[in-house]
Protein chains: 2
Amino acid sequence: MAESFSIGDLARRTGIKVPTIRYYESIGLMPEPDRTAGNQRRYGRDALDTLNFIAHARAFGFPMKSVHHLLDIAAHPERPCEDIDALVAERLIEVEMRISGLTRLRDELSGLLAGHEHGTVGECRIIEAFSDHSLCAPGHKHDLPME
Amino acid sequence: MAESFSIGDLARRTGIKVPTIRYYESIGLMPEPDRTAGNQRRYGRDALDTLNFIAHARAFGFPMKSVHHLLDIAAHPERPCEDIDALVAERLIEVEMRISGLTRLRDELSGLLAGHEHGTVGECRIIEAFSDHSLCAPGHKHDLPME
DNA sequence: ATAGGGCCTCTAGTCACTAGAGGTTCAAGA
DNA sequence: TCTTGAACCTCTAGTGACTAGAGGCCCTAT
């Protein structure tokens, strides 16, 4: 008879936690598996592969929506694979934008720390920078760095 | 008589949206303002300063918890300002770690794209990379990049 | 006096899970 | 075969930091 995995087996083999696997099922990312007579989930090799795929896509930072999309694409081996390129390229651009935003932020933060004297809060340049809105002239716009 | 601002005035002057200001009040970040006879909020100059302070701290990426902490510190000008240094330094380290994680991710993503041929999904190297768990040997650990 | 834009509260939704309560099932050892 | 306890089940609610909407009241300019 075929291999059969409990939800805990899947969790151990993929590093994805048990409640997360159930969550993935609830949002339709994983198919509903067979159940034992006692109502416990039993998975086959396919489910393990799917879950690993999801884990990898998530590790690349794809949001669930894109993971859905990627799974759909992967399910049709005969189709052309341009969409994948587009998804990966989109993700790459996002990551690059985030890096440059964070790099700017890093520079501002280390600017705050550089040459900062330990005095009282009243004399503190850092607090001043937060308080003084003249430092934040029109046009100087800091976006929230991580949405 | 003293200056008096409606919640909409504050929103316009700080760039923070009206519902967000109410939210900040609800979590205790902003003090509860006076009200008109008709129950509408009326703020003074202090509230405007506080909200600007919050906006700046958030722009530096501090989580709300740290913003709370920073506000507490700023409220006591006579105390020493070491804690501020610690908070900023901590934030800097976080940002640097995030940058290096994202940089690794960027390299992996552009590695996927580099030399990728447009064929069918079945032959697609990218899909393969997501599917094939041998590419993901024990020890090779990708964390989720942005929590 | 009235029009309409701004304000009020309250609930629910977002994303991707995580935690807990309260109860059932499975599998290994005696 | 029985027992034990780890693993499983469902369901609800909570996280962070807001955002959106419903349904209704207020303020001010004309």
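Convention: sequence-line order gives letters A, B, ...; per-chain numbering from 1.
Taking atom CD1 of residue B:I7 and atom C1' of nucleotide D:dC27, one finds them 16 Å apart after rounding to whole Å. The distance from atom CG of B:L51 to atom P of D:dA17 is 16 Å, rounded to the nearest whole Å. Taking atom CZ of B:R41 as the reference point, atom C1' of D:dC27 lies 16 Å away to the nearest angstrom. When the P atom of D:dC27 is taken as reference, atom CG of B:D9 falls 14 Å away, rounded to whole Å. At whole-Å resolution of the value, CD in B:E25 and P in D:dC18 are 15 Å apart. Atom P of nucleotide C:dC17 and atom NZ of A:K65 are separated by 16 Å, given to the nearest angstrom. Atom CG in A:L10 sits roughly 14 Å away from atom C1' in D:dA7 (whole-Å rounding). When rounded to the nearest whole Å, the span between CG of B:D34 and C1' of C:dC7 equals 16 Å.
At a threshold of 4.5 Å between side-chain heavy atoms, the hydrophobic network of Ile, Leu, Val, Met, Phe, Trp and Tyr places B:M97 and A:L113 in two separate groups.
Listed by residue number, the members of residues 13-23 of chain B with any heavy atom below 4.0 angstrom from DNA chain D are B:K17, B:T20, B:Y23.
OP1 or OP2 of C:dC7 sits under 4.0 Å from a side-chain N or O of B:S6. In this model, the phosphate group of D:dC18 is approached by a side-chain N or O of B:Y24 to a distance below 4.0 Å at OP1 or OP2.
B:D107 pairs by the salt bridge (charged side-chain N to carboxylate O under 4.0 Å, His left out) definition with nothing, not counting sequence neighbours. Scanning for side-chain contact (heavy atoms from CB on, under 4.5 Å) contacts around A:R22 gives A:I7, A:V18, A:R41, with sequence neighbours left out. The side-chain hydrogen bond (donor to acceptor under 3.5 Å, both in side chains) search around B:T50 returns none, not counting sequence neighbours. The side-chain contact (heavy atoms from CB on, under 4.5 Å) test applied to B:T20 returns B:I16, B:K17, B:Y24, not counting sequence neighbours. B:D9 meets the side-chain hydrogen bond (donor to acceptor under 3.5 Å, both in side chains) test with B:S6, B:R12; sequence neighbours excluded. Residues that satisfy the salt bridge (charged side-chain N to carboxylate O under 4.0 Å, His left out) test with B:E90, not counting sequence neighbours, are absent from this structure.
Within the 4.0 angstrom heavy-atom criterion, no nucleotide atom of any strand lies near B:I27. Using a 4.0 Å heavy-atom cutoff across all strands shown, A:R35 reaches sugar-phosphate atoms only and no base atom.
Picking from D:dA17, C:dC17, C:dC7 the nucleotide with the shortest atom distance to the side chain of B:M64 gives D:dA17.
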Distance-only donor-acceptor hits, side chain of residues 61-88 of chain A, under 3.5 Å, sequence neighbours excluded:
unit_1: A:D85; atom_1: OD1; unit_2: B:H116; atom_2: ND1; d: 2.2

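In this structure the side chain of A:I54 never reaches within 4.5 angstrom of the side chain of B:F130, judged on heavy atoms.
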Encode nucleotides 20-28 of chain C as B, S and - characters from 5' to 3', where the letter depends on protein heavy atoms closer than 4.0 Å: B to the base, S only to sugar-phosphate, - to neither.
-----SSS-

